[in-house]
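Shown next, in structure tokens, is the structure this report addresses.
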Amino acid sequence: MTFLMITGRTVNQGVTVENKTSAAYAAETSTCFMHEFDMLELGLADNDAVRVTGPCGEVVMRAVASPEVGMGTIFVPYGPYANHIIAAGTHSTGMPDFKSHEVALEPTDEEPKTVHELMEDLGGLAYDR
Amino acid sequence: MRVTLAMRPAARSFIPIEAEAIVPKNFLSGTDLSVWRGNRELRLDEVFSVFVEGSADRPEDVEVVISGDGTSRLKRVGEYMDGGKITVLGDIGMHCGNFMTGGTIEIHGNADGWLGREMAGGTILCRGDAADYCASGYRGGRKGMTGGTVEVFGRAGDFLAESIAGGTVIVHGDAGDMAGAEMHGGTLVVHADCSRPAANMKGGSCYVYGTAHGMLPTFKRIGTVQHEGRMLIHFIGDIANRGKGNLFVKDYRYLD
Amino acid sequence: MIVKDVVCPFCGCLCDDIEVEVEENRVVAVANACELGTKKLMGEKRMKNPILRDGGTWKDITYDEAIQYTADMLLSAERPLLYGWSGTHGEAQCVGVHMAELVRGVIDNTSSVCHGPSILAIQEVGHPGCTLGVVKNRADLVIYWGANPIDAHPRHLSRYTRYAEGFFLENAFRDRKVIVVDVRRTETANIADEFVQIKPGGDYAVLSALRAIVRGKTEMIPRTVAGVTREQLVRVVDLCKGAKFGAVYFGLGLTMTGGKYKNIRNAIELVSELSRHTKFTISAMRGHYNVYGSNEVNTWMTGYPFGIDFSRGIAFYNPGETTAVDILARKECDAALIVGSDPAAHFPRRCLEHLADIPVVQLDPYPNATTAFCNVQIPVAVTGIDAVGTAYRMDGVPIRTRRVLSTGYPSDEEVLIRMYALMQGAKA
Amino acid sequence: MSELLIRNACVIDPLRGVNAETMDIAIRDGRIVEDVSGAAEVIDVHGALTLPGGIDSHTHICGTKVNFGRYMSPEDMRAGRTPRRGPMHSTSGYSVPTTYGNSYRYSAMGYTTLLEGAMAPLEARHTHEEFTYTPLQDTMANTLFDGNWGIMEAIRDGDTKRVAAIIAWTLTAVKGFGVKLTNPGGTEAWQWGKNVSCIRDPVPYFEVTPSEIIRSVVEANELLGLPHSVHLHCNNLGTPGNYTCTLGSLGLIPDLNKKRQTLYATHVQFHAYGGSGWKDFCSKSEPIARFVNMRPQIVIDMGQVMFGRTTTMTADGPMEFNLYRLHHDKWSNHDVELETGSGIIPVIYRRKNLVNSIMWAIGLELALLTKSPWQCLLTTDNPNGAPFVRYPEIVALLMSKKYRDAEFATVHPDTGGRVPLPAIERELDWYEIAVMTRAGQAKALGIQDLGKGHLGPGAEADIAVYPIRVDEVDPSVDYQKVIEAFGRTEYTIKRGRVVSRRGECLVDGSNATFWVRPKVSDAYDMGKDPDFIEKFDRYYTVRMRNYPVQKEYLNRNRCIETEAGI
């Protein structure tokens, strides 16, 4: 199924943003908030892993039902998980499409990676794992 | 006179090269010109193999031919060009033909952003695609293109002909979002589809021979007209902006 | 010890009424701040000393070594990128501009991925705005458009709008109407008097329609615009025209969606149109506590608020070309200095791939996502906790932060001044 | 100890009555002295015109609205771009240049002291930050009190001493220099989208009139013994027929101060309009100048308009909105809680435009019809009438009837019937220009005793040497030479150092900020006034303790203490 992915701020993202190597930050920014009917359709229960595939690749997140999100849309807090699949094009404005990406979702048995793993996948070296 | 600039392979291959010196007029007095890679000044012949055939005493008689790998990172080629010809046998980087007042630029490949920005005269032919802000204005939103012609045979990106105030822009393929935004004069023709054409237009004419996606709700439908063998729907707008521009589309869809 | 009137260094609200309790040079309690500010003021896990990536491992180095490394890196680069700046004080930002000018690099701040589009819009049509206190004391109508303050600016509602007392409002909570416009029914939408739910990507069309209705052209508007009924649009316009003082606050819901700055331009033009009927203002909900300060500093020193390219000696500005995401994604820089931000957490992956390929130095108190891409990271004091300096609130009001702790960490300004001095020496 | 001797200077120093006398000027440690030792560095200027450093008594160069003018105008920044060079940083901009751009260009023209015309107290820190990056001039800021709630309440209660007390507390807190009223009452009304039409219109809610605000603040200003008088931007700027409002405002002012004027009315060109609308718009410079000639208690500045593009910016928010509705270009507005506001729009003044042509004439007429140059100072209200880099042309226009006639021939053809300019024969001389560009400013600002605006022993060694000889050039004919000379000094000397030579700035510089602290009795210390504190904390969004500008923001801190009569 394809969805419109919107990213944005949440209180929990803000609370953990100064401690990006924490489990809490990883948990918050790897949450895929969705409509409960969409979850039913995909056979997902809260906190089930879901593979999200965007224009630049794929990343595993955890699905959580939210009354704020309409059907056909997912909401992901700003952070390295969403950015793992967001395209860098800015339409020559400097600003990527952080709030308008078409993504595909499918349930998966894989676990979400840690922030360190995501960074190392892209050529970084974790400091304090 | 024919000047051939063949790009040499470069060590730091991704830093853009600003080459506003590449204008036909400048070659009348030789090839001792500078270009810039980032903050480093380089001689023209450090970047290109330079060949000159024949001679000329006016820009109109100069043709500059650019070729080789990496032409897509050459910026500002043909800036302030006032006559003569530049031919690019490949892709060209940003800001090609900015402020151009005369002459012809022909690009055989694709053009990066801001092709013909604030152009006032002359002709640009782009055989491939043009990226965003083709024939547009500059930040700050004053007059964009005021004269001349830009013709793109492939597709064009977003913000095509933004703030256009004069001249003609023709795109044979699709155009992106916000084509002709803030238009206040001139003519924009898109042969295929585009999205949200002529947003906030004040004046000028915009033709879409395909479908206008996300058509804005603030254009007033007047009727239909025959235009070069096509039946087009005629709108006046943008009413939101007290505009009196003409928008002609073959077909349109609102986001309702 | 309790320190009063502390300035919160989290978001653009820059609340300055925080009380911080300090014991044994540690923050043990925070009063008045929201959850975000509290957490930041009580922050832990600082990096202890500068580190250097040595192949596959990290090793500790001295400040002197780290500073020399950075100076050498910037001096040898053909197009260095100096990015971030929103999470530090103005005095450090000023040094940053001088550095960019000296090494002929590109300096950009986080507004390019935040309210940069708002700035592009302001550059086209201007900005009718006001300070937050004007809204607090006068506004009987507040519109949040594509903004969710309950999550992003938690005290905005209580200090300045929904729950704030106002000089000219008898009963502010009752007399003040709140409209929320969003694609999601957020927590903020739930406290609104009127919620306008727009289809994703429909903001521009809705704003255009509202402008036309303000001008009396209701009859030409289709029955629904991006999922909003014409009746609701008319109701919104009536609320706006009927207000004595209306204030629009917009967020990244307008800057990050299709059309980008054109959305904000349209919103500003709506407010300019409404200004012919009643008093109306519009303002951006700025994110970092000092992102606006970074824009201010860049502007008085270079003429441009962000995305400034000094490659050719003079300042050149063209967001979309001279902004960090574009430069990294196109691989157009060969070194990066990151100060007061964490691009690895907030930039698309392609940008990170280039960061992995070039030398990177970061000034940051904490290990963060960008640390993984650093050759050197230099821990610094946190402005508003163990460093003082100037920050600009989202409405342009400059406030001097307070120091609540004394630590041995140098401030960003101190570290940057030392780098700048080395580079000046090398250039002379 | 550093010593400098300037030899063979042709000095015009109006505050000392020196008119084109050739002399040497001795400088030690930044001040002018009787003589220096033989070890002094010597600069021989060979009879070049030498004046005290220029002083701009009304310019907009630093602070929130100026920076917003830059922020919203990338198109303006495309002009005037220079790279880093020696000690000079890069610059950008034409009508709203970067701080370095302002500082270098003013310095190249011989200016050494600048007064920022409008600083909102709440945002004062911003002005001071930009002052730090305006390195080659001493700076001071007029502080806005036009819509101050506390002051309007005190006026309503008839308590002028409280008005003075609030001014004293605020100036001290924000490190302000003088008291500015911009469209008094109008900026508060504008926070409701309204305005006041002239001085008898009550301000909504507060029910005080502009005339009460002006009178009461003028009295308070004198109670505090401030060096400068109240600095007034009259109500009704820019509207046809506004000269009656201007005359009414000037008529409110008694003569309260022996040393200087009691009111400084700024950019009067914008307030000297006749007609009932744009169709019969005309100059009323004559009645205004006549009035000023009879009132020694009033000093005005020109607010000259020059043709070309610029950016208008003022605390007068409603006026800018009206201008926006005429021009339909971009418009910014910024209201400041409990205090004031501001507006910005870009404009182009065109010769082909009749109204613009009349405006151009009015500024010149005011300068030529005001008999005493001490009463009409040279400004463009930078950048409102034109960027300050146009000053040399204005000097030349005032000195040459021939130049005026040549220019007049190029303006809108109907201008002649609307303005008295063509009939004015007066040509100002070098001495009068020196008054209008430095000595008069120093006197009006009340800073001559601090060693500003003159070259007597003890004065700050701020000196401008222009590459022109007054005995060889006839300015009424050779006006081009005048323009060139005033556009670029041979030497600009700031505090005894050569900071600029033939347009190149030689040092990074460091300025001084002048501000005023009136000493008031405890009873009038608003910092201890419970009612003031309570209202502050309830209605401002910044805590009272976080409001004052700390000394860290003052580069060279020059505090002027006054003995207040409260």
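Naming convention: chains lettered A, B, ... in sequence-line order (proteins, then strands); numbering from 1 in each chain. Excluded from the calculations below are hydrogen atoms, water molecules and symmetry mates; all remaining heavy atoms, backbone and side chain alike, are included.
Between chain C and the residues D/Arg85, D/Lys194, D/Arg325, the largest count of heavy-atom pairs under 4.5 Å involves D/Arg325. Most heavy-atom pairs under 4.5 Å with chain D: of the set C/Gly303, C/Gly313, C/Gly396, this distinction falls to C/Gly303. Note: C/Glu296 leads C/Glu296, C/Arg104, C/Lys4, C/Lys136 in heavy-atom pairs under 4.5 Å with chain D. Ranking C/Phe316, C/Phe245, C/Tyr304 against chain D, the residue ahead of the rest is C/Tyr304, based on heavy-atom pairs under 4.5 Å. Highest contact tally toward chain D, considering only C/Thr278, C/Ile119, C/Val97, C/Leu132, is held by C/Ile119 [criterion: heavy-atom pairs under 4.5 Å]. When each of D/Lys330, D/Gln550, D/Glu552 is scored by its heavy-atom pairs under 4.5 Å with chain C, the top score falls to D/Lys330. Chosen from D/Glu130, D/Met72, D/Glu129, the residue pairing most often with chain C at heavy-atom distances under 4.5 Å is D/Glu129. For the set D/Glu320, D/Gln191, D/Arg70, D/Arg81, the count of heavy-atom pairs under 4.5 angstrom toward chain C peaks at D/Gln191. Contact tally against chain D (heavy-atom pairs below 4.5 Å) for C/Ala428, C/Pro398, C/Ser272: the top residue is C/Pro398. Interface check for chain C: of the options D/Lys535, D/Arg78, D/Glu188, D/Glu75, the most heavy-atom pairs under 4.5 Å are formed by D/Glu188.
With a 4.5 angstrom heavy-atom cutoff, C/Phe280 does not touch chain D via any of its atoms. Only the side chain of C/Val7 comes within contact range of chain D, with heavy atoms under 4.5 Å apart. With a threshold of 4.5 angstrom between heavy atoms, C/Arg276 approaches chain D through its backbone and through its side chain. Proximity to chain C is limited to the side chain of D/Trp149, based on heavy atoms less than 4.5 angstrom apart. Proximity to chain C is absent for every atom of D/Glu339, based on heavy atoms less than 4.5 angstrom apart. In this structure, the portion of D/Leu338 lying under 4.5 Å from any heavy atom of chain C is its side chain and not its backbone. Contact of C/Glu269 with chain D is not made at all, since no heavy-atom distance falls under 4.5 Å. The part of C/Glu165 that comes within reach of chain D is its side chain, from C-beta onward, which places non-hydrogen atoms under 4.5 angstrom from that chain. For chain C, the nearby part of D/Tyr540 is the backbone; its heavy atoms alone come within less than 4.5 Å. With a 4.5 angstrom heavy-atom cutoff, D/His128 does not touch chain C via any of its atoms. Contacts of D/Tyr547 with chain C are absent, with no heavy-atom separation under 4.5 Å from either backbone or side chain. Looking at C/Leu14, there are no atoms closer than 4.5 Å to chain D (heavy atoms on both sides), in backbone or side chain. Both the backbone and the side chain of C/His98 come within less than 4.5 Å of a heavy atom in chain D. In this structure, chain C has heavy atoms under 4.5 Å from both the backbone and the side chain of D/Thr99. With a 4.5 angstrom heavy-atom cutoff, C/Asn137 touches chain D only via side-chain atoms. With a 4.5 Å cut-off on non-hydrogen atoms, C/Lys244 touches chain D through its backbone and its side chain both. Residue C/Thr302 touches chain D through its backbone alone, counting heavy-atom pairs closer than 4.5 Å. Of the two parts of C/Ser283, neither the backbone nor the side chain holds a non-hydrogen atom closer than 4.5 Å to a non-hydrogen atom of chain D. For D/Glu123, the parts lying under 4.5 angstrom from a heavy atom of chain C are both the backbone and the side chain.
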**Asked** What do the steps show when you test D/Asn546 against C/Asp5 for side-chain hydrogen bond (donor to acceptor under 3.5 Å, both in side chains), and what is the final call?
**Response** CA-CA 7 Å; D/Asn546 287 328; C/Asp5 299 332; 5.2 Å; no
**Request:** Just do the salt bridge (charged side-chain N to carboxylate O under 4.0 Å, His left out) check on C/Asp16 and C/Arg400 with the steps written out, would you?
**Result:** CA-CA 9 Å; C/Asp16 71 334; C/Arg400 187 169 181 82; over 6 Å; no
**Request:** Verify side-chain hydrogen bond (donor to acceptor under 3.5 Å, both in side chains) between C/Thr299 and D/Asn67, making sure each step is shown before the conclusion.
**Result:** CA-CA 7 Å; C/Thr299 301; D/Asn67 212 34; 4.7 Å; no
**Asked** side-chain hydrogen bond (donor to acceptor under 3.5 Å, both in side chains) between D/Thr139 and D/Glu116: does it pass, once the steps are laid out?
**Response** CA-CA 7 Å; D/Thr139 49; D/Glu116 162 55 46; over 6 Å; no
**side-chain hydrogen bond (donor to acceptor under 3.5 Å, both in side chains) evaluation trace for C/Glu101 with D/Tyr100** = CA-CA 13 Å; C/Glu101 187 191 88; D/Tyr100 289 125; over 6 Å; no
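Note that the OH atom of C/Tyr392 and the NE2 atom of C/His89 stand 13.0 Å from one another [nearest 0.5 Å]. Here the straight-line distance linking atom OG of D/Ser332 with atom OH of D/Tyr324 works out to 10.5 Å at 0.5 Å rounding.
A donor-acceptor pair under 3.5 Å is absent between the side-chain atoms of D/Asn382 and the main chain of D/Ile61, judged by distance alone. Under the 3.5 Å distance criterion, the side-chain polar atoms of C/His153 are matched with a main-chain donor or acceptor of C/Arg286. Looking only at distances, no side-chain donor or acceptor of D/Thr513 sits under 3.5 Å from a matching main-chain atom of D/Leu554. Judged purely by atom type and a 3.5 angstrom limit, C/Thr281 has no side-chain atom pairing as donor or acceptor with the backbone of C/Gly129.
Taking the six-membered ring wherever Trp is involved, the centroid distance between the rings of D/His334 and D/Phe68 does not fall below 6.0 Å. In this structure, the ring of C/Phe168 has its center less than 6.0 angstrom from the ring center of D/Trp192.
The shortest non-hydrogen separation linking C/Leu141 to C/Cys240 is CD2-CA, 3.6 Å. Closest approach of D/Gly527 to D/Ile533, counting heavy atoms only: O-CD1, 3.4 Å.
The aromatic rings of C/Phe167 and D/Tyr205 lie perpendicular to each other, with more than 60° between the two planes, well past the 30° mark.
Judged purely by distance below 3.5 Å, without hydrogens or angles, the side chains of D/Trp515 and D/Asn557 pair a donor atom with an acceptor atom.
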